[in-house]
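All remarks here apply to the structure that follows.
Just so we're clear, the structure is a prediction, and the values are computed from it rather than from any experiment. Naming: A, B, ... by sequence-line order, numbering from 1 per chain.
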2 protein chains.
Amino acid sequence: MNDLRRAGNGNANANANIPPALKRRPQMEDIAKLAGVATSTVSRALAGSPLVNPKTRDRIVELARHLNYAVNVGAQNLRLGQNKVVAVVVPYDPASRQHLSDPFFLALIGGIADALTESGHEMLLSRVPASDLEQAAYAVESGRAIGLILVGQWHHHDQLNTMFMRGVPFVVWGAHLEQQLYCTVGSDNVLGGELATAHLLRRGRRRVAFVGDTGLPEVAQRHQGYLRAHAGAGLAADPALLCPSPFVAEVIGGDVGRLLAAHAGIDGVFAASDVAAMAAIHALHQAGRSVPDQVAVVGYDDIDSAAFCHPALTTVRQPLDIAGKALVDSLFKILGGQRAAPVQLHTALLQRASA
Amino acid sequence: MNDLRRAGNGNANANANIPPALKRRPQMEDIAKLAGVATSTVSRALAGSPLVNPKTRDRIVELARHLNYAVNVGAQNLRLGQNKVVAVVVPYDPASRQHLSDPFFLALIGGIADALTESGHEMLLSRVPASDLEQAAYAVESGRAIGLILVGQWHHHDQLNTMFMRGVPFVVWGAHLEQQLYCTVGSDNVLGGELATAHLLRRGRRRVAFVGDTGLPEVAQRHQGYLRAHAGAGLAADPALLCPSPFVAEVIGGDVGRLLAAHAGIDGVFAASDVAAMAAIHALHQAGRSVPDQVAVVGYDDIDSAAFCHPALTTVRQPLDIAGKALVDSLFKILGGQRAAPVQLHTALLQRASA
DNA sequence: CTGAAAGCGCTAACAT
DNA sequence: ATGTTAGCGCTTTCAG
């Protein structure tokens with residue numbers, strides 16, 4: 001806690017030489033003196049208050065522009081008791097040191113940034129260990145942010161429920177679970193898994209592998225869809241074809257390779273992310289199997305590159321373009337004191353070349 | 001006003017029913033009263049000051065934890081005149097409304113987030129129109145952030161020099177240009193372009209197209225390398241083979257298609273980004289050309305999916321893993337009042353299957 | 001070891 | 001139309 005506050009490089013002693021003028025930032029009082037008025041007048045002028053004489057106002061505004069003065073947002077917020085910052089939190093797995101890298105999540109963050117900017121809010125991006133998700137609440141408890149958007153994988157359902165009970169305003173990108181108090185936004189994972197698998201089965205595939213870490217709720221639901229599709233087709237899914245790899249391309253490649261070696265009859269793969277699917281295709285090619293002829297592959301996410309890899313990926317589309325806005329909207333609903341119901345975005349199969 | 005600040009965090013009248021306890025956030029004074037001490041003691045206790053009696057301190061700390069109290073960072077910063085926030089700014093093209101989406105930049109942002117977190121800083125992510133890059137300075141001038149990291153494309157060299165002269169501490173990801181006052185971090189674009197093109201020429205390719213918007217300094221330098229490689233091989237580059245597409249996959253696909261139609265003899269493509277390369281390969285396939293047999297393709301960036309698409313992309317690697325850290329380090333150097341020289345990261349050709 | 005008081009930069013009554 | 005004053009939540013002298 002103490003170390004958190006030392007080290008204040010509010011560029012205190014930084015007026016060395018290099019950036020020509022790294023001097024103290026101007027304040028209202030400086031402007032006030034130059035303009036020969038009181039700070040309150042400057043404040044009003046800069047806020048565009050109709051109370052101040054147009055001439056005075058123009059002079060002040062001109063002065064401010066000339067000095068590159070901008071109202072100190074921190075002080076303003078403190079005084080006004082307001083805040084326009086939303087924290088976007090990316091949980092990471094401290095074990096695998098897995099960094100923020102899946103293009104899907106990265107793109108999701110981009111969408112959130114857009115939606116937030118659109119509504120005049122600022123975005124604080126931070127990372128917390130998935131093992132201690134509640135740390136995320138700090139951004140709100142410290143007054144840094146008014147609410148949280150949690151992005152990405154997590155196993156810690158309970159922590160989130162607790163956080164909700166503590167009154168922390170937040171939304172999470174993920175699966176809608178039973179007994180869930182908090183608000184999620186995500187695709188319909190069960191449906192998505194079912195669509196993907198049904199497509200493979202319809203194409204006559206009978207030995208369909210599932211690639212993805214079912215420890216994650218979203219993936220578990222996609223797997224559930226996978227099972228449901230099998231049931232719907234009157235087929236039995238072979239548990240041996242489950243490849244519980246984490247969402248890391250390098251690992252998936254190896255795992256899929258081993259799975260292929262062990263089960264020669266595999267003729268289809270449903271991967272729980274496009275990255276996983278691309279890694280699987282790569283492994284397939286290396287093992288000398290052709291896609292989609294010998295083995296058909298379906299992914300999940302529809303990241304940008306899915307359309308441009310070869311063969312173009314058949315995948316389940318999560319509508320990224322509206323995901324960011326949906327998350328932001330839900331958060332604001334909560335901040336407005338309303339109940340925000342979980343949102344399941346439109347989920348559909350996008351057929352391309354890989355299956 | 002007073003009602004605005006009740007109800008805790010800028011969410012006005014939010015103590016409805018849903019989030020069970022959306023009451024006013026506790027403050028030091030609350031803790032002080034409960035502990036029967038003065039706020040100054042609470043402050044000291046929470047800061048871990050040795051001046052306060054261990055027993056008192058423990059009681060206070062316990063109380064704070066129980067109430068989920070965290071020191072208000074805004075007020076703390078105001079009082080201390082400090083700040084640990086760095087703004088990461090993504091310029092966007094207001095014309096094309098192009099959103100934050102190239103995986104390379106997204107991944108770069110991830111790397112910056114990691115480096116910032118590592119050094120105990122917070123990251124504010126914002127977007128400004130490329131046409132008015134100086135807007136980015138607002139984050140610093142308003143006291144929001146202590147410095148800026150600009151990420152991505154930009155045409156406005158002069159604006160950046162001006163910003164530097166104004167004393168705004170910032171670093172930019174991009175090309176190192178002549179007469180540049182500010183600090184850039186990037187790959188060696190000329191070298192990269194040369195390596196890529198030389199590789200193609202060495203493979204006997206003689207009609208090599210260049211895909212990328214040479215209006216951007218980074219791309220212009222890559223193109224310069226492309227020309228230099230031709231010169232080095234005693235060959236003349238055909239200006240007709242320049243395809244000045246922006247970094248948007250959809251557009252590139254069409255442009256490359258047209259280029260192929262117009263120039264049947266094309267046997268190589270150097271694309272100034274991996275996304276562009278993947279789009280080009282896609283267009284090539286659609287036109288019935290095989291990669292790399294009929295047309296060899298080299299990209300730039302080495303984004304994650306470059307290794308997993310098919311054929312795996314031969315590309316110029318920009319070391320993403322160290323890019324974020326390099327940017328952050330340079331910024332801190334500047335904040336410390338030192339001169340930060342432009343950095344060119346190690347740039348090398350990564351040969352895979354597409355060329 | 002602890003409390004009282006001043007003030008970080010700003011805004012909004014409340015005076016004129 | 002403008003100035004005076006109090007105070008947002010916190011830290012830190014300065015006095016005990």
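Leu63(B) and Ile31(B) get closest at one heavy-atom pair: CD2-O, 4.0 Å.
Closest contact between the side chain of Met28(B) and the listed nucleotides dG9(D), dT11(D), dC10(C) involves dT11(D). For Val71(B), whose side chain is taken as the heavy atoms from C-beta onward, the closest listed nucleotide among dT11(C), dC10(D), dG3(D) is dC10(D). You'll find that the side chain of Ala75(B) is closest to dG9(D), out of dA1(D), dG9(D), dA12(C). Side chain of Gln27(B), nearest nucleotide from dG9(D), dG3(C), dG9(C): dG9(D). Minimum atom distance to the side chain of Leu78(B) is reached by dG9(D), of the listed dG9(D), dC10(C), dC1(C).
Going from atom CD of Gln82(B) over to atom C1' of dT11(D) covers 11 Å, rounded to whole Å. When the C1' atom of dG9(C) is taken as reference, atom CG of Leu80(A) falls 12 Å away, rounded to whole Å. Atom-to-atom, CD1 of Ile31(A) to P of dT11(C) comes out at 12 Å; the value is rounded to the nearest Å. The CG atom of Asn77(B) sits 15 Å away from the C1' atom of dC8(D) (whole-angstrom rounding). Atoms CD1 (Ile60(A)) and C1' (dT2(D)) sit 10 Å apart, rounded to a whole Å. Atom CD in Glu29(B) sits roughly 10 Å away from atom P in dC10(D) (whole-Å rounding). The CG-P distance, from Asn53(B) to dG3(C), rounds to 11 Å in whole Å. Atom C1' of nucleotide dC10(D) and atom CG of Asn72(A) are separated by 15 Å, given to the nearest angstrom.
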Practice task
Quick one: do Arg44(A) and Ile60(A) satisfy side chain to side chain contact (heavy atoms under 4.5 Å, CB included)? Show the steps, please.
Solution key: CA-CA 10 Å; Arg44(A) 284 189 277 251; Ile60(A) 291 173; over 6 Å; no

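Close to dC1(C), at under 4.0 Å from its OP1 or OP2, lies no side-chain N or O of Thr41(B). Here Tyr69(A) does not reach the OP1 or OP2 of dG9(C): none of its side-chain N or O atoms lies under 4.0 Å away. Checking the phosphate oxygens (OP1, OP2) of dT11(C), a side-chain nitrogen or oxygen of Gln76(A) falls inside 4.0 Å.
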Give every pair of a protein N or O atom and an N or O atom of nucleotides 4-7 of chain C that lie under 3.5 Å apart, one pair per line with the distance.
{"residue": "dG7(C)", "atom": "N2", "partner": "Arg79(B)", "partner atom": "NE", "Å": "3.4"}
{"residue": "dG7(C)", "atom": "N2", "partner": "Arg79(B)", "partner atom": "NH1", "Å": "3.0"}

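Applying the ring pair (Phe, Tyr, Trp, His ring centres under 6.0 Å) test to Tyr182(A) and every residue at least two apart in sequence or in another chain returns His157(A), Phe170(A).
Between the Glu122(B) side chain and the Lys84(B) main chain, no donor and acceptor come within less than 3.5 Å of each other.
Atoms OG and NE2, from Ser131(B) and His156(B) in turn, are 6.0 Å apart once rounded to the nearest 0.5 Å. Note that CE of Met123(A) and CG of Leu125(B) are 4.5 Å apart. Values are rounded to the nearest 0.5 Å.
Salt-bridge check for Lys325(B) with Glu118(B): failed, with every basic side-chain N at 4.0 Å or more from each acidic carboxylate O.
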